[in-house]
Structure formats: C-alpha cells, structure tokens
J.: 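Sending over a structure as structure tokens; questions will come in a sec.
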Amino acid sequence: MTTPDQNLDPTLVALGDALEQGARADLAQTAATPALRRVRSRRSTRAIVIGVAALLVAVPGIAIGAKTLIGTDSVARSMPAGTLALLGTDPTCTVVTEGLEYHCILARVPAPEVQNWKGTVEPTVDDTSHVNGGCRSLRSDGLEWQCYLGQTAVDQEIIGQGFLGEYSSGPGVG
C-alpha cells in the first residue's frame, strides 16, 4: 500500500495497489494448490509483474511527452488569443524551459498595425480566457517570439503583476 507523502500519480497508485492485492491473492492460492499448478502460476505472476513494470516505466514517459505536446500547443493558441494582430499567424512553439519559457515562430507575419515588431510585447491568454503570460517579438517582421508564462512574464516585464490571471473577453487590439 502507498503512503500519502509519496506524491505519486493516482493512476500509478491504483495500479500498484491492484498489483499488490493480486500478488497476495495469488500467493494465498499458490499455497493451497498442487506443485504443477504452482509452476504455471509463478510463470503467470512473473509475466504480470514484468508487464506492470513496463507500464510503470512507459506511462510516466508518455505523460511527460503529452504534457510537452499540450504545453507547446497551448502556448501557440494563447498568442492570437491575447492579441488580435496575431490571429491567423499559425504559431509553432518549442520548449525552452518547461512550463515557463517557449520559443515561437509564426507561419505568417502579424497584421500590419505595427511597423517594427522587434521588442514589442503582447499578452497571452489561456483556454479559460485568462491572461497567463506574454511574448516579446525578436524580429522586426514579427515572425519570431520568446514567450513566458506566469510570474516569469511579469519578471520579464511583458505584463504587469495585476494583469496576470485577469479575465480576457477576447484578443487585445492596439
């Protein structure tokens, strides 16, 4: 059985508890069965243990990969959600520091409301319509951006502390 201070994923905890319960039941049954059935049972138990061990290794790796994929996609969606001029630019982002900093490239130039985008800062808005960070343009054509989430965007002086987490009724204009 697991203890609360282990901070494990609930799915892994349930899987471990089920494995432990199954092993106990299997051991109890093995003690009451003939020797030939015990050999088969040990092989079955060994296969189950190997399968569960493989899952314990694979599941966190898949979860981490999914989080990264969701993180970069979410940041890409948050750019035009925060700034109307970035609508239709089709950003693609890569992780610089997971959950904090992303490097984003736009497939199309932003709307021409700004002559020189270099150094321009714009807020980002998450899927719940709240300001979650911001981005700074690295090029005058506005095709390359460095984006920061949460307090890091405040520290980078892209958005103000009071703006972080505020509700946004739609992309900002101007």
J.: Are Ser78 and Asn132 side-chain neighbours, meaning at least one heavy-atom pair lies under 4.5 Å?
T.: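 SC-SC contact between Ser78 and Asn132 confirmed.
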J.: After noting the C-alpha distance and the side-chain angles of Tyr102 and Val95, does the key distance pass the side-chain contact (heavy atoms from CB on, under 4.5 Å) rule?
T.: CA-CA 5 Å; Tyr102 296 81; Val95 174; 3.6 Å; yes
J.: When you measure from the side chain of Ser137 to the backbone N and O of Trp117, does any donor-acceptor pair fall under 3.5 Å?
T.: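 The answer is yes, because a donor-acceptor pair under 3.5 Å joins these two groups.
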J.: Under 3.5 Å, is there a donor-acceptor pair between the side chain of Arg77 and the main chain of Asp127?
T.: no
J.: Kindly say whether Asn116 contributes a backbone atom to a donor-acceptor pair with the side chain of Ser140 at under 3.5 angstrom?
T.: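 No, Ser140 side chain to Asn116 backbone: no donor-acceptor pair under 3.5 Å.
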J.: Start with the C-alpha distance between Glu101 and Gln146, add both sets of side-chain angles, then the distance that settles side-chain contact (heavy atoms from CB on, under 4.5 Å), and finish with yes or no.
T.: CA-CA 7 Å; Glu101 184 178 357; Gln146 203 69 12; 2.8 Å; yes
J.: In sequence, state the C-alpha distance, the side-chain angles, and the governing distance for Val75 and Thr72, and then conclude on side-chain contact (heavy atoms from CB on, under 4.5 Å).
T.: CA-CA 5 Å; Val75 173; Thr72 56; 5.8 Å; no
J.: Could you grab the distance from atom CD of Gln156 to atom CD1 of Ile158, nearest 0.5 Å is fine?
T.: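 The distance works out to 5.5 Å.
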J.: Under 4.5 Å between any side-chain heavy atoms of Val131 and Val125, yes or no?
T.: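 Yes - at least one pair of side-chain heavy atoms lies under 4.5 Å apart.
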J.: Could you measure the distance from the CH2 atom of Trp145 to the OG1 atom of Thr83? Nearest 0.5 Å is fine.
T.: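 Rounded to the nearest 0.5 Å, the CH2-OG1 separation comes to 6.5 Å.
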J.: Taking CD in Glu157 as the centre, count heavy atoms belonging to other residues, nucleotides or ligands within less than 6.0 Å. Is the count above 12?
T.: no
J.: Between CD1 of Ile159 and CD of Glu122, what distance do you get to the nearest 0.5 Å?
T.: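 Taking CD1 in Ile159 and CD in Glu122, the distance rounds to 12.0 Å.
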J.: List the atom of Pro91, the atom of Pro80, and the distance in Å for their closest heavy-atom pair.
T.: CG-CD, 4.1 Å
J.: Give a yes/no on whether the SG-to-SG distance for Cys135 versus Cys104 is below 2.5 Å.
T.: no
